[in-house]
Amino acid sequence: VKIDSLKGKKLGLYFSASWCGPCRRFTPNLIEVYTELSTKGDFEVIFVSADEDEESFNGYFSKMPWLAIPFSDSEARKRLDEPFSVQGIPHLVLLDENGKVLTEEGVEIIREYGEEGYPFTPEKIQELKDLEEKAKKEQSIKTILVSRSRDFVVTSDGSKVPVSELEGKTVGIYFSASSFKPSADFTQKLAEVYRKLKENGEKFEVVMISLDDDEESFRQSFGAPWLALPSKDKSCEKLARYFELSTLPTVVIIGPDGKTLHPNAADAIDEHGIVAYPFTPEKFAELKEIEKASEATQTLESVLVSGGLDFVLGKDGAKVKVADLVGKTILLYFSAHWCPPCRAFTPSLVEVYKKIKEKDDAFEVIFISSDRDQSSFDDYYSGMPWLALPFNDARKSSLSRKFKVQGIPMLIALGPTGKTITKEARSLVMAHGADAYPFTEERLKEIEAQIEEMAKGWPEKLKDERHEEHELVLTRRSNYVCDVCDEMGQVWSFYCEECDFDLHPKCALEKETKADAKEGWVCDGEVCTRAS
């Protein structure tokens, strides 16, 4: 294809590669937009490959309906990287009919607006942004769910239901992916709540937004006879951006007036079930009071006992009754073998556990696993000296909900009465080790006082010949490596933020004390004593 034949056309330079997962996921979106715009006759895409061999290039390019720089022309492909600052792929540069750059944010524009972004000028993109802002201000169930090509949602058997039938109802917009276990587990809970509300005659509906890639997974997401956007509908990703989706599962609650009542009621539904309805601010305030009351009366048994499950596992596999742990300080350790930060933290926790147990036997850790199979659990737990919930124990999900575990590792401290002391025990262990025990506010105040006392008499700033560029400032630093002695340091450092230079106080002050001292004396801060 002669270059001259492209003059006067809008062009997309598509930097991509077959080995790149994000590229493979984006390419079908671009194909869809390209196909829609092909009737206009003034838009073309040119593939600029980052593949490493011609076979990979040919296989990937065979699925594309547009043009490409020949794989053999490696010089041209490399040359194009420089003027467009291609730091990562997929990368899409959009040029106007005169060859001028319209934007280098083509991937984001295609994802956000699809063919509606055409002709991709700044004016057009601004127009679409203004329309989005207007839609948010004038939000209704129709502006959320109706698209230019569709004014309906579907049932599990594919029947079409007009979006207009949802007006005046409370609607849960349910973002789900059946392949993601937390979503699959929550679907069952939501289905239970959905059925009960329907039986009670409530004007409530769920519209599922499936983020699954295939039809079978889409069908599995129907945990109840609720509604959904059609599988792979263009509005699915658009709504994920519109509601700033950041976690799964998410249930956005839309009130009868079409306005957003709550950005994500999934936790409330999971924890309180039907009691969370109708998901209004007043109801959430009421639920908060219920949670406060529950925390005030919390005991170890109310946390760890559920039905007949009234035990945890000991290292020998024996069942340890929860009742036998009452009166102890307990750490609930949410962790998993597949999680690198967990594996990095566990040895530190083992060391802290042993030190605390030497001083006080009224202390225990309980491992709550997120491992994917029994063998992974067994392998990981074999290196732990404490107790554990059995693998796949039903209490794990309720404990994760109760303590709002969004990520692991997470360490929750329960006091001797069973009440929650802190959900930040991991940070305390990392900062203070075994000294953090028993993790109470009083203990933290004592540690803080000791830290302040430690630095008493030290200069706030000093100059040191080993870092002549800038003055060093006495700074609180949790963990660091001294740039002079290469040893680990904690709590205090003489630090240069601009250069990220750490000087351990012993290294900083030894020179100063030697300079101050008379022969036969040792000076430390403001005190000089006779050398022993």
Side-chain angles (χ1 to χ4, degrees), residues 291-306 309-316 318-336 341-342 345-370 380-381 383-390 393 395-396 398-405 407-451 478 490-491:
E291 287 175 11
K292 280 184 186 175
S294 174
E295 286 173 10
T297 58
Q298 179 178 298
T299 65
L300 187 64
E301 287 164 313
S302 73
V303 172
L304 287 177
V305 174
S306 176
L309 298 171
D310 61 352
F311 64 90
V312 293
L313 294 180
K315 283 305 293 178
D316 55 1
K319 293 180 180 179
V320 178
K321 290 283 187 183
V322 172
D324 294 340
L325 301 174
V326 171
K328 294 188 175 187
T329 297
I330 303 289
L331 293 180
L332 301 178
Y333 182 35
F334 295 85
S335 185
C342 298
F345 175 65
T346 296
S348 301
L349 185 58
V350 168
E351 188 180 329
V352 166
Y353 174 83
K354 289 176 179 176
K355 285 182 180 177
I356 295 173
K357 287 290 275 187
E358 284 174 8
K359 297 177 184 176
D360 188 356
D361 195 50
F363 167 70
E364 198 50 77
V365 174
I366 300 172
F367 169 43
I368 300 168
S369 171
S370 291
Y380 194 31
Y381 184 46
M384 299 176 182
W386 45 69
L387 309 175
L389 280 194
D393 191 285
R395 290 170 288 179
K396 188 256 175 185
S398 62
L399 288 168
S400 295
R401 286 196 303 273
K402 179 177 181 61
F403 295 110
K404 296 179 172 54
V405 178
I408 54 174
M410 187 168 182
L411 202 59
I412 309 292
L414 306 179
T417 64
K419 290 181 184 174
T420 304
I421 300 173
T422 179
K423 296 179 184 177
E424 305 297 329
R426 179 193 173 208
S427 300
L428 299 181
V429 166
M430 290 176 73
H432 309 298
D435 288 340
Y437 182 76
F439 314 107
T440 58
E441 281 291 328
E442 293 75 14
R443 178 58 189 146
L444 294 184
K445 286 176 183 173
E446 288 174 8
I447 291 172
E448 190 61 32
Q450 290 168 3
I451 288 170
S478 53
Q490 282 186 312
V491 186

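Considering only heavy atoms from C-beta on, P390 comes within 4.5 Å of F311 through its side chain. Inter-residue side-chain proximity for T420 and E295 is flagged as unmet; no heavy-atom pair is nearer than 4.5 Å. Proximity of S335 to I368: side-chain heavy atoms (C-beta onward) are nowhere separated by under 4.5 Å. At a threshold of 4.5 Å between non-hydrogen side-chain atoms, the residues W386 and L331 do not count as touching. By the 4.5 Å heavy-atom criterion applied to side chains, K402 and S294 are counted as neighbours. With a 4.5 Å cut-off on side-chain heavy atoms, L309 and V322 do not count as touching. Using a 4.5 Å cut-off on side-chain heavy atoms (C-beta onward), I408 and F345 make no contact.
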Pair up each side-chain donor or acceptor in residues 424-436 with any protein partner under 3.5 Å, not counting sequence neighbours, and list the distances.
none

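Once rounded to the nearest 0.5 Å, the distance linking CG of L325 with CD1 of I330 reads 5.0 Å. Atom CG in L414 sits 12.5 Å away from atom NZ in K419 (nearest 0.5 Å). Rounding to the nearest 0.5 angstrom, the gap separating the CD1 atom in I412 from the CZ atom in F334 is 6.0 Å. The structure places NZ of K396 at 9.5 Å from CG of L399, a figure rounded to the nearest 0.5 Å. Between atom CD1 of residue I356 and atom CD of residue E364 there is a gap of 11.0 Å, rounded to the nearest 0.5 Å.
The minimum heavy-atom distance linking P438 with I421 is given by the pair O-CD1, 3.6 Å. Of all heavy-atom pairs between G418 and V303, the closest is O-CG2, 4.4 Å. Scanning both residues, I366 and L389, for their nearest heavy atoms gives CG2-N, 3.9 Å. For the residue pair D310 and R395, the shortest heavy atom distance occurs at N-NH1, 4.3 Å. Summarising the geometry of Y333 relative to C342, their closest heavy-atom pair is OH-O, 3.4 Å, with the distance given to 0.1 Å.
Enclosure of atom NZ in K354 is not indicated, since only 12 or fewer non-hydrogen atoms of other residues, nucleotides or ligands lie within 6.0 angstrom. Atom NZ of K359 sits in a sparse spot, with 12 or fewer heavy atoms from other residues, nucleotides or ligands closer than 6.0 Å.
The aromatic rings of F367 and Y380 sit perpendicular, their planes meeting at an angle over 60°, well past the 30° parallel limit.
The side chain to side chain contact (heavy atoms under 4.5 Å, CB included) check on S302 picks up Q298, T299, with sequence neighbours excluded. Legend: residues meeting salt bridge (Lys or Arg N to Asp or Glu O under 4.0 Å) with K355, ordered by chain and number and at least two apart, are E351. The ring pair (Phe, Tyr, Trp, His ring centres under 6.0 Å) check on F363 picks up Y353, Y437, with sequence neighbours excluded. Applying the side chain to side chain contact (heavy atoms under 4.5 Å, CB included) criterion to Q450, with sequence neighbours excluded, gives R443. Take K445 and apply the salt bridge (Lys or Arg N to Asp or Glu O under 4.0 Å) test, not counting sequence neighbours, and it matches no residue.
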